[in-house]
Number of protein chains: 2
Amino acid sequence: MTTTRRPTRQQSAVIDALGSTQDFTSAQDLHAQLRESGEKVGLATVYRTLSTLADSGDVDVLRTGEGEAVYRKCSTGHHHHLLCRVCGRTVEVEGPTVERWTDAVAAEHGFTDVAHTLEIVGTCSSCR
Amino acid sequence: MTTTRRPTRQQSAVIDALGSTQDFTSAQDLHAQLRESGEKVGLATVYRTLSTLADSGDVDVLRTGEGEAVYRKCSTGHHHHLLCRVCGRTVEVEGPTVERWTDAVAAEHGFTDVAHTLEIVGTCSSCR
DNA sequence: GGCAGCGTGAGAATGATTGTCAAAACAGCA
DNA sequence: TGCTGTTTTGACAATCATTCTCACGCTGCC
């Protein structure tokens, strides 16, 4: 993967399937979905494509309470997730405060090219 | 589990081990740690104890990026890590700002029993 | 002592994810 | 168009955390 290549049929299928919903979807579900719609894509390929996309920041990844990785297309803007530990519901939140703080702290310690991940887990009002 | 019972030796060992650090610790690590310190506790028991504690809300659980469950004794005052992506050096940082912000955001969305993870990755001054 | 009930632990089972490797698809070139 | 080296794919095996199973031992009670 030295250069940017045109996505293959399988990769496009994965991306399309992911784009067809707003929800977080697991690799397994995505694979089953592709199967049903007639696309022949191997499970390993689904995983490979997803992790590549995740690496390049084109999709969001997080873990459900059961430890399953779930993915969602969401390219615009950097944001964080508020996750319910009971029902798995997620809320997207933005935090200029945090962005500024992390940058400041990193700079203070001489770090550059800073990236960060922040995940908030709690119990949502309906699962109380 | 109809009545509250006195914790067994094994359960106490797990609780103590968990209490001996501020960090989130995986069940596997906890088990290894107990082994090293001479406590004979089965892995299954570590898992059982941890999930019981988690259920009763005595510990926080969340998932690492690798899908490992990590546990921490519920308390305030923890820190985050600033990680150099080149040399792997880590710096511990504290952030009342972030703590306050996450709590506020969570509350705003009706979330309770909030925990969070924040990791900052960058390039440190010597690896520039 | 003897019995009942629960916690324990070794190892098997499970399920998601990753690794392996031969075959297929593809790009560039003659 | 046919050839060749490279990349991607996919069936399957391997891995790893976690959960399940079930015989065994401990504790309290008669």
Side-chain angles (χ1 to χ4, degrees), chain A residues 1-18 23-56 58-72 83 85-86 88 121, chain B residues 1-18 23-56 58-72 117:
Chain A
M1 207 159 297
T2 50
T3 51
T4 306
R5 304 175 127 275
R6 177 158 41 88
T8 65
R9 177 183 60 79
Q10 288 87 341
Q11 289 167 353
S12 303
V14 172
I15 295 169
D16 285 351
L18 200 57
D23 285 335
F24 278 95
T25 315
S26 73
Q28 306 277 345
D29 281 354
L30 222 39
H31 179 237
Q33 205 172 303
L34 287 167
R35 269 285 159 80
E36 277 183 23
S37 64
E39 293 284 353
K40 290 242 234 353
V41 182
L43 182 55
T45 304
V46 174
Y47 276 106
R48 259 188 304 251
T49 306
L50 287 174
S51 49
T52 304
L53 288 172
D55 276 352
S56 63
D58 293 328
V59 302
D60 269 349
V61 202
L62 47 83
R63 299 269 172 178
T64 67
E66 291 92 42
E68 226 185 8
V70 286
Y71 302 82
R72 191 180 57 178
L83 171 71
R85 67 162 64 85
V86 181
V121 192
Chain B
M1 205 161 294
T2 51
T3 51
T4 308
R5 305 177 124 275
R6 176 160 41 88
T8 64
R9 175 184 62 77
Q10 290 88 340
Q11 288 167 355
S12 303
V14 171
I15 295 169
D16 285 351
L18 201 56
D23 282 334
F24 278 94
T25 316
S26 74
Q28 306 277 344
D29 280 354
L30 222 39
H31 179 237
Q33 206 172 301
L34 287 167
R35 268 285 158 80
E36 276 184 23
S37 64
E39 294 282 354
K40 289 243 234 355
V41 182
L43 182 57
T45 302
V46 174
Y47 276 105
R48 257 190 305 252
T49 306
L50 287 174
S51 48
T52 305
L53 288 172
D55 277 351
S56 63
D58 293 328
V59 301
D60 271 346
V61 202
L62 47 84
R63 300 267 171 177
T64 67
E66 290 92 43
E68 228 184 7
V70 286
Y71 302 83
R72 188 184 61 183
T117 32

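This structure is a prediction, so every number in the text was calculated from the model and none was measured. Just so we're on the same page: letters track the sequence lines, and every chain starts at 1.
In terms of heavy atoms, Q10(B) sits closest to K40(B) at CG-O, 4.3 Å. Between A17(B) and Q33(B), the closest heavy-atom pair is O-NE2, 3.9 Å. Nearest heavy atom pair, residue A54(A) against residue V61(A), reads CB-CG2, 3.3 Å.
Rounded to whole Å, atom P of dG9(C) lies 10 Å from atom CD of E39(B). Separating the CG atom of L62(B) from the P atom of dA17(D) is a distance of 17 Å, rounded to the nearest angstrom. Rounded to an integer number of Å, the gap from D29(B) CG to dC16(D) P is 14 Å. dT15(D) atom C1' lies 12 Å from atom CD of Q28(B), rounded to whole Å. The interatomic distance linking H31(B) (NE2) with dT8(C) (P) rounds to 13 Å, in whole Å. One interatomic measurement links the two molecules: CD of Q11(B) to P of dC26(D), which rounds to 16 Å at whole-angstrom precision. Between the C1' atom of dG7(C) and the CG atom of L53(B) lies a distance of 15 Å, rounded to the nearest Å. Between the CG atom of L50(A) and the P atom of dT8(D) there is a distance of 16 Å, rounded to whole Å.
Residue E68(A) is in sugar-phosphate contact alone, with no base atom involved, counting any heavy-atom pair closer than 4.0 Å across all strands shown. Heavy atoms of E66(B) sit nowhere under 4.0 angstrom from any nucleic acid atom.
The nearest heavy atom of DNA chain D to Y71(B) and to A44(A) marks one nucleotide each, and the one closer to the 5' end goes with A44(A). Each of R35(B) and V70(A) was assigned the nucleotide of DNA chain C with the nearest heavy atom; the assignment lying further toward the 5' end belongs to R35(B).
For the atom pair CG (D58(A)) and CG (L50(A)), the distance works out to 11.5 Å, reported to the nearest 0.5 Å.
Scanning atom types as modelled, no donor and acceptor separated by under 3.5 angstrom connect the side chain of R48(A) and the base of dG19(C).
For dA25(C), the OP1/OP2 oxygens have no side-chain nitrogen or oxygen of Q10(A) closer than 4.0 Å. Side-chain N/O atoms of T8(A) include none lying less than 4.0 angstrom from OP1 or OP2 on dT8(D). Close to dT19(D), at under 4.0 Å from its OP1 or OP2, lies no side-chain N or O of Y47(B).
Put simply, the side chain of H31(A) never gets that close to the backbone of G42(A): no donor and acceptor are under 3.5 Å apart.
Of all nucleotides listed (dA17(D), dT8(D), dT17(C)), dT17(C) comes nearest to the side chain of L43(A). Of the candidate nucleotides dG10(D), dT18(D), dT8(D), dG10(D) has the atom lying nearest to any side-chain atom of R9(A).
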